[in-house]
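Structure record follows, encoded as structure tokens.
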Amino acid sequence: AVEAFVSESLLSHMSMTVFKSSPLSKMGKEWLDRVDLRQKISVVPQLLFNWSFDVSAQPYQDFCLLVKVRNDLTHYAFSDNNPSHVRPLKDRGIFLKHSIEKTEQFQNPWAQDASCTEGIRWAHNVACDIVNKIIENAPSQSHIDWNKTNFTRIPDDYISNFLKAHGIDPAIN
């Protein structure tokens, strides 16, 4: 979704017209097809309107983590060792963490643990945060502002409220 936003909104004919004096408009955008998405979301706003993410802060840090997860899921291969980003995501409650993990060296196939409502909510919200931060920092937002309705965060209590409404106690593992 973020890559589509960059291509369809930031690199659109409209953006190139609105930011016609930008370095990106002058140098062309064909070379961006070979740039990794993590770098692209920093470089494109910088070249278009002289703003970029603080790469040491959120939401950029979680976005880089999300791209790693996406890449590892896309090229998934079962292994006895999980990727290094799995444990922190389990510790944050984003991926499923099994009670047996606390007492033993147990590793469930991590791709299964990523396939949970909180993992989906986190991924969705990270994408929303990235896009909305770009929109907020664009000096001329009128041609990209409409994207905000497509990038609305899922509130923290949404999942638990949904489960409760359907007679499920979210506190039960």
Side-chain angles (χ1 to χ4, degrees), residues 1-10 35-46 51-138 144-173:
V2 172
E3 195 151 23
F5 165 77
V6 169
S7 295
E8 295 175 9
S9 291
L10 296 183
V35 176
D36 179 81
L37 182 57
R38 291 166 283 201
Q39 284 75 43
K40 197 180 287 188
I41 65 163
S42 284
V43 169
V44 170
Q46 178 69 44
W51 175 85
S52 190
F53 285 96
D54 176 352
V55 297
S56 66
Q58 297 295 2
Y60 188 83
Q61 290 293 306
D62 266 0
F63 184 73
C64 287
L65 193 54
L66 177 59
V67 171
K68 284 181 192 176
V69 170
R70 179 198 68 173
N71 291 345
D72 287 344
L73 284 171
T74 301
H75 306 289
Y76 183 77
F78 180 78
S79 170
D80 288 337
N81 298 315
N82 288 336
S84 61
H85 54 75
V86 171
R87 174 63 45 206
L89 288 168
K90 285 184 173 207
D91 291 344
R92 287 173 60 186
I94 294 168
F95 287 1
L96 294 177
K97 189 172 185 179
H98 307 277
S99 57
I100 194 171
E101 291 182 69
K102 296 175 186 167
T103 58
E104 299 177 27
Q105 285 295 95
F106 169 80
Q107 288 194 26
N108 197 48
W110 75 271
Q112 292 178 2
D113 296 338
S115 301
C116 62
T117 54
E118 193 55 26
I120 294 165
R121 191 180 74 79
W122 171 77
H124 172 84
N125 286 347
V126 168
C128 291
D129 292 346
I130 285 291
V131 168
N132 286 314
K133 191 87 163 163
I134 292 170
I135 293 169
E136 289 166 14
N137 286 283
I144 59 174
D145 215 22
W146 64 271
N147 285 286
K148 286 184 175 184
T149 58
N150 293 331
F151 290 91
T152 304
R153 292 182 110 257
I154 300 171
D156 292 345
D157 60 354
Y158 179 83
I159 303 293
S160 60
N161 288 344
F162 176 87
L163 293 172
K164 288 175 190 172
H166 290 82
I168 301 167
D169 182 358
I172 296 175
N173 188 355

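Just so you know, these numbers use all the heavy atoms, side chains as well, and skip hydrogens, waters and symmetry mates. Everything numeric in this text was worked out from a predicted model, so none of it was measured.
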Check for a donor-acceptor pair, side chain of [X] on one end and backbone N or O of [Y] on the other, with a separation under 3.5 Å.
X	Y	result
Y60	I130	no
Q58	D62	yes
S160	D157	yes
S42	S52	no

Between [X] and [Y], what is the shortest heavy-atom contact and its length?
X	Y	value
S56	D54	OG-OD1, 2.6 Å
I94	C116	O-SG, 3.2 Å
L96	K90	O-CE, 3.3 Å

Taking the side chain as everything from C-beta on, heavy atoms only, tell me whether [X] gets closer than 4.5 Å to [Y].
X	Y	result
W110	L73	yes
Y158	T117	no
L163	D169	no
R87	D91	yes
F162	P170	no

- Message: Determine whether F5 and F151 satisfy the following criterion, side-chain contact (heavy atoms from CB on, under 4.5 Å), listing intermediate values before the conclusion.
- Response: CA-CA 10 Å; F5 165 77; F151 290 91; 4.2 Å; yes
- Query: Crowded around Y76 OH? As in, over 12 foreign heavy atoms under 6.0 Å?
  - Reply: yes
- Query: Would one find more than 12 heavy atoms of other residues, nucleotides or ligands at under 6.0 Å from atom NZ of K40?
  - Reply: yes
- In plain terms, say whether E118 and R121 are close enough for a salt bridge, that is, a side-chain N and a carboxylate O under 4.0 Å apart.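 A salt bridge links E118 with R121.
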Roughly how far, to the nearest 0.5 Å, is the [atom2] atom of [Y] from the [atom1] atom of [X]?
X	Y	atom1	atom2	value
F63	R70	CZ	CZ	7.5 Å
F95	H85	CZ	NE2	7.0 Å
T152	I154	OG1	CD1	9.5 Å

- Item | Full working for side chain to side chain donor-acceptor pair (under 3.5 Å) between N137 and W51 | CA-CA 7 Å; N137 286 283; W51 175 85; 3.2 Å; yes
